[in-house]
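As structure tokens, the structure follows; a few thoughts come after it.
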Amino acid sequence: CLCSASSAGLELSVNNHTAGFSLSMFPAPAVSLSCLVQNSSQAEELLWYRGDGQVDLRDGNKVNVSNICISPVTEADNGVTFSCRLARDKSVQVSVVLDVLFPPHLSGEESLQIEEDKDVTMTCNAKSNPQAQTAWYKNNSTLTLQQDRYQLYQTSEVVQLSIQNVEKSDNGTYTCVVNSSLGEGRKDFHLIVEDKKPVFPMEAIIAATVVVALTIFFGLVAQKDKICKVW
């Protein structure tokens with residue numbers, strides 16, 4: 001109660017925001033966050049957190065005003081929360097969520113060789129902010145999905161197209177197109193369906209090998225006396 005009463009009316013601000021907010025930006029060499037104590041008549045110690053981990057601050061960067069520099073700001077920082085808190089009452093805080101904007105990074109090509117009647121999966125990186133829309137093409141035409149053979153799997157970061165029991169007619173170039181308001185990425189998959197290789201009956205081969213080995217063994221046993229006489 002004493003702690004609550006002593007911090008009544010006191011508030012913090014981060015970059016002039018007194019409540020939690022989202023900071024939108026593109027990847028950059030650096031961005032600064034400044035935390036300021038307001039409505040206080042005494043020196044107040046401040047703490048910074050990145051997620052649940054406390055940020056190390058220099059001694060001269062803790063009282064009433066505290067600044068941190070995030071350098072560099074990358075796509076990996078998207079969604080990360082930074083919080084400035086009052087040391088003696090951590091319920092007094094202001095948080096900022098980094099909203100790092102970036103287009104989909106998708107390019108190149110890949111060749112896939114698969115036998116008939118087997119399954120194949122093509123995987124695209126669909127990570128972007130804002131989230132992108134994905135489309136699949138075959139030989140530059142919109143791909144018509146056959147429900148019994150084609151399966152789509154998608155998360156915020158990965159898009160996959162799977163084809164079950166591939167056929168010769170599945171030969172061709174499949175293109176994954178990822179499109180957001182910031183740009184487009186695409187990747188080609190050259191699918192080559194090969195003839196099904198004959199399956200050797202392993203059980204029959206093993207059985208034949210055993211028969212041959214036993215025949216040789218018993219033949220040697222039958223000739224044992226003659227062999228011994230020769231030696």
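This one's a predicted model, so the numbers in the text were calculated from it and none came from an experiment. For this chain, numbers begin at 1 and follow the sequence in order.
- Counting all heavy atoms, side chain and backbone alike, N171 lies closest to K138 at O-CE, 3.4 Å.
- Using a 4.5 Å heavy-atom threshold, the side chains of L143 and T175 count as separate.
- In plain terms, the two heavy atoms of V63 and A43 that are nearest each other are CG1-CB, 3.7 Å.
- For residues 142-173, no residue pair satisfies the disulfide bond (SG atoms under 2.5 Å apart) rule, not counting sequence neighbours.
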From CA spacing to verdict: side chain to side chain donor-acceptor pair (under 3.5 Å), S13, T18
CA-CA 4 Å; S13 66; T18 57; over 6 Å; no
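- To the nearest 0.5 Å, the span separating CE on M25 from CG on D77 amounts to 8.5 Å.
- Contact check for R50 versus L98: no side-chain heavy atoms found under the 4.5 Å cut-off.
- When side chains are defined from C-beta on, V158 counts as touching T123, because their heavy atoms get closer than 4.5 Å.
- Proximity of I163 to Y174: side-chain heavy atoms (C-beta onward) are separated by under 4.5 Å at one or more points.
- For the atom pair E110 CD and C124 SG, the distance stands at 9.0 Å (nearest 0.5 Å).
- To the nearest 0.5 Å, the span separating CG on L33 from CD1 on I68 amounts to 4.5 Å.
- Counting only heavy atoms from C-beta outward, the side chains of F102 and L182 never approach each other to under 4.5 Å.
- Shown here is Q133, whose CD atom has no more than 12 heavy atoms of other residues, nucleotides or ligands within 6.0 Å.
- L152 is not listed as a side-chain neighbour of Y150, based on a closest heavy-atom distance of 4.5 Å or more.
- Side-chain contact between T142 and Y137 is present, with heavy atoms from C-beta onward closer than 4.5 Å.
- The shortest non-hydrogen separation linking S181 to P130 is OG-CG, 3.4 Å.
- The closest side-chain heavy-atom distance from L46 to K62 is not below 4.5 Å.
- K90 and L47 get closest at one heavy-atom pair: CE-CD1, 3.7 Å.
- W136 and V177 are assigned to two separate hydrophobic clusters, defined by single-linkage of ILVMFWY side chains at heavy-atom distances under 4.5 Å.
- Within the structure, every pair that satisfies the ring-ring contact (aromatic ring centres under 6.0 Å, His included) test and touches residues 18-65, not counting sequence neighbours, is listed here: H17-F21.
- Linking Ile, Leu, Val, Met, Phe, Trp and Tyr residues whenever their side-chain heavy atoms come within less than 4.5 Å places V73 and V55 in a single cluster.
- The number of heavy-atom neighbours closer than 6.0 Å to CG of N139, taken from other residues, nucleotides and ligands shown, is above 12.
- Separation of atoms CG (L86) and OG (S40) is listed at 8.0 Å; rounding is to 0.5 Å.
- Using modelled atom types, one finds a donor on one side chain and an acceptor on the other under 3.5 Å when comparing D89 with S91.
- A distance of 13.5 Å separates OG of S66 from CZ of R85, quoted to the nearest 0.5 Å.
- Hydrophobic cluster membership is shared by L12 and F82, with clusters built from Ile, Leu, Val, Met, Phe, Trp and Tyr side chains linked at under 4.5 angstrom.
- The cluster map of Ile, Leu, Val, Met, Phe, Trp and Tyr, joined by side-chain heavy atoms under 4.5 Å apart, puts L145 and V159 in the same cluster.
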Kindly determine whether T74 and V100 satisfy side chain to side chain contact (heavy atoms under 4.5 Å, CB included), including the steps that lead there.
CA-CA 7 Å; T74 68; V100 184; over 6 Å; no
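- Of the listed residues (N15, N16, N67), just one forms a side-chain hydrogen bond (donor to acceptor under 3.5 Å, both in side chains) with S34, and that residue is N67.
- The shortest non-hydrogen separation linking L23 to V31 is CD2-CG2, 4.2 Å.
- E184 and N179 share a donor-acceptor pair across their side chains, judged by distance under 3.5 Å alone.
- Identified under the salt bridge (Lys or Arg N to Asp or Glu O under 4.0 Å) test for residues 168-181, with sequence neighbours left out: R149-D170, K168-D195.
- I70 and V97 sit in two unconnected hydrophobic clusters of ILVMFWY residues. Membership requires side-chain heavy atoms under 4.5 Å apart, directly or through other members.
- Heavy-atom minimum distance, D119 versus I114: O-CD1, 3.6 Å.
- For the atom pair D188 CG and R186 CZ, the distance stands at 7.5 Å (nearest 0.5 Å).
- For CG of D52, the number of neighbouring non-hydrogen atoms (other residues, nucleotides, ligands) closer than 6.0 Å is 12 at most.
- When Q154, Q151, M122 are each tested for a side chain to side chain contact (heavy atoms under 4.5 Å, CB included) with L161, only one passes: M122.
- For T134 (side chain) and V178 (main-chain N/O), no donor-acceptor pair under 3.5 Å exists by modelled atom type.
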So D99 and N78, side chain to side chain contact (heavy atoms under 4.5 Å, CB included) or not? Walk me through it.
CA-CA 5 Å; D99 180 29; N78 183 48; 3.8 Å; yes
